[in-house]
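For reference, the structure discussed in these notes is given below.
Whatever order the structure lists them in is the order used to number ligands and atoms, beginning at 1. Any value given below was found using the heavy atoms of this structure, including those in side chains, with hydrogens, waters and symmetry copies removed.
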Amino acid sequence: MTKTRPHPFMIKTFEGAGQGHVFDHHDSLDPDRQVALLSQLEALHLGELAELIALMDAPPAQTSEIAPLDPLVPDAAQRATLAEAGWEALRAGRVAVLVVAGGQGTRLGWPGPKGTYPVGPLSNKTLFQLFAEQVLALGARAGRPLDFYVMTSGLNRDETEAFFEEQGRFGLAPEQLHYLVQADLPNVTLEGRLCFTAPGELATSPNGHGGTLFALRDGKALERMAERGQDLLFYWQVDNPLCAVADPVFLGAHLAADAEASTKVVEKTDPTERVGLVALRDGKPGVVEYSEMTPAQQSQRTPEGALAFRAGNMAVHLFGREFLERVSAPGFELGYHLARKKVAILNGAGVLVEPSEPNVVKFERFVFDVLPHARNHVTLQVPREEEFEPLKNAEGPYSPETVKAALSSRAARWLTAAGVEVPDGVSCEVSPLTALDPEQLRAALEGSPPASNAAGISV
Ligand code: UTP
């Protein structure tokens, strides 16, 4: 293959944008790399890049008025009514579900998409399998299969797709499972220069979970939803296997409030827990980061003694399809968040340098930035031990050990409620294909209690 030279006009354009250095080592690249780099550079919108770089010097956003918000905590009777409305929506085929799995999982350090991590306490089922089984079981119970969207990034798309396909999509029908790909954005150095992670390979990263909106639009998912009569999208993150996918109570609460967006939360009880909170910002619901709050706000209490700011964001949402169409339309400004990261990049001499301090800026969009734009928004509080234990770290909090323990404890509670004797310290697992909630488990085990073996109790 012959070498490919960049067009002089292209070189001039990049020079004009202060990025002419991207061609410095072009001649020494092998022909395939040259072609790949040129197409990567051609796809870059230099105008957009300049806007991103300008954000690095932008003054901090104006401070806004932050106030706590009381989440909805329905009692048993209310839950039953809400669940009935949710089931009705599921039976009518109004619901599609989407898991975002485009993250890089740097803290976990697993060599593959995070969804391929095995977390089943006894079965070793992966995150993806546990979710696929929930989707199957829900569809079977509702009598209407649900469309399941998996959002990946350009970096993990092939591996994710291959994983599902090799496993026979865990029983999901081909027309039910859809892959979406979010876009990547270039990383820049602290001086605002494009940089390389290997010769000819620009440093890029996925555009954040807010990229979901554009992936849904550009991947024609919103169109497909409209064609199939689906007006509700349940959204969750790949790292939380306790997530109750398309929870009928949540659906019911969203519908009862005629909401365009809704969020599930868990109660924050420790003022120092660094969790994003659903709160009111200038009177509108949104997510407020820990760092945006004063210590006094963090420890403010209600007359009953709970934390005033206690609605811990689980990153589980419901969105109306028309709302998604509106907030993903050209002209809607979602904004960016900047993060300084440590990334090994090539120096001017083409040598890879491992940084000791953050050296590049990564640009991301966050999905929760759409919340203030919703006509109505429901914040539903659920028990943390039942629905939230995300896999973030290789060890310590939110690690494989805590996630497996949380799944096992929840299974033990459900089994005990179904009348099964669970000895202390025994590992337990309830397959989504057996039951999606304690009531269904009780019915499933009626007359045929499970046997435990040395490994534990698995149903
Ligand atoms: P996190 O912010 O926890 O990031 O993503 P991560 O990639 O899982 O892990 P670290 O920070 O690199 O260690 C929360 C959720 O959002 C998804 C992730 O896949 C995860 O489900 N996500 C994040 C995306 O889908 N795309 C992104 O660009 C970023």
Distance-only donor-acceptor check, side chains Glu386 and Trp414, under 3.5 Å
yes

Aromatic ring pairing Tyr235/His209, orientation class (parallel under 30°, perpendicular over 60°, tilted between):
perpendicular

Residue Pro206 vicinity, atoms of ligand 1 by number, heavy atom under 4.0 Å
28 (O)

Could you tell me if the ring centre of Phe128 sits under 6.0 Å from that of Phe164?
yes

Examine Phe148 together with His178 and report whether their ring centres are nearer than 6.0 Å.
no

What I want to find out is whether Lys268 reaches Glu273 closely enough, with some N-O distance under 4.0 Å, to be called a salt bridge.
no

Heavy-atom nearest neighbour in the protein, as seen from atom 25 (O) of ligand 1, with distance rounded to 0.1 Å:
Gly102 N, 2.8 Å

Check each of Gly211, Pro390, Gly208, Pro113 against atom 28 (O) of ligand 1 and report the one with the nearest heavy atom.
Gly208

Got the closest protein heavy atom to atom 8 (O) of ligand 1, with its distance?
Lys114 NZ, 3.0 Å

Pair Glu357 + Arg340, salt bridge at N-O below 4.0 Å:
no

Nearest non-hydrogen atom to atom 10 (P) of ligand 1 belongs to which of Leu185, Thr106, Asn240, Val150?
Thr106

Measure the distances from the heavy atoms of Ser153 to every atom of ligand 1 and state whether one is below 4.0 angstrom.
no

Run the ring-centre check on Phe196 versus His25 and record whether the distance is less than 6.0 Å.
no

Does a donor on one side chain sit under 3.5 Å from an acceptor on the other, for Glu161 and Thr152?
no

For ligand 1, find out whether one of its N or O atoms is nearer than 3.5 Å to an N or O atom of Val238.
yes

Can you pull out the closest protein heavy atom to atom 21 (O) of ligand 1? Residue, atom name and distance to 0.1 Å, please.
Val100 O, 2.9 Å

Please determine whether a side-chain nitrogen of the Lys or Arg among Lys125 and Glu133 lies less than 4.0 Å from a carboxylate oxygen of the Asp or Glu.
yes

Closest protein heavy atom to atom 6 (P) of ligand 1, given as residue, atom name and distance to 0.1 Å:
Gly105 N, 3.6 Å

Glu267 versus Thr269, side-chain donor and acceptor atoms under 3.5 Å:
no

Check each atom of ligand 1 against the heavy atoms of Met151 and keep those under 4.0 Å away; list them by number with element.
25 (O)

Please state which protein non-hydrogen atom is closest to atom 26 (N) of ligand 1 and give its distance, to 0.1 Å?
Gln182 OE1, 2.7 Å

What is the closest protein heavy atom to atom 16 (O) of ligand 1, and at what distance does it sit?
His209 CD2, 3.6 Å

Option nearest atom 24 (C) of ligand 1 (shortest heavy-atom distance, choices Ala101, Ala339, Ala183, Gly103):
Gly103

Could you check which of Gln104, Arg107, Glu364, Gln237 puts a non-hydrogen atom nearest to atom 2 (O) of ligand 1?
Arg107

Look at atom 3 (O) of ligand 1 and say which protein heavy atom is nearest, naming residue and atom and giving the distance to 0.1 Å.
Lys392 NZ, 2.7 Å

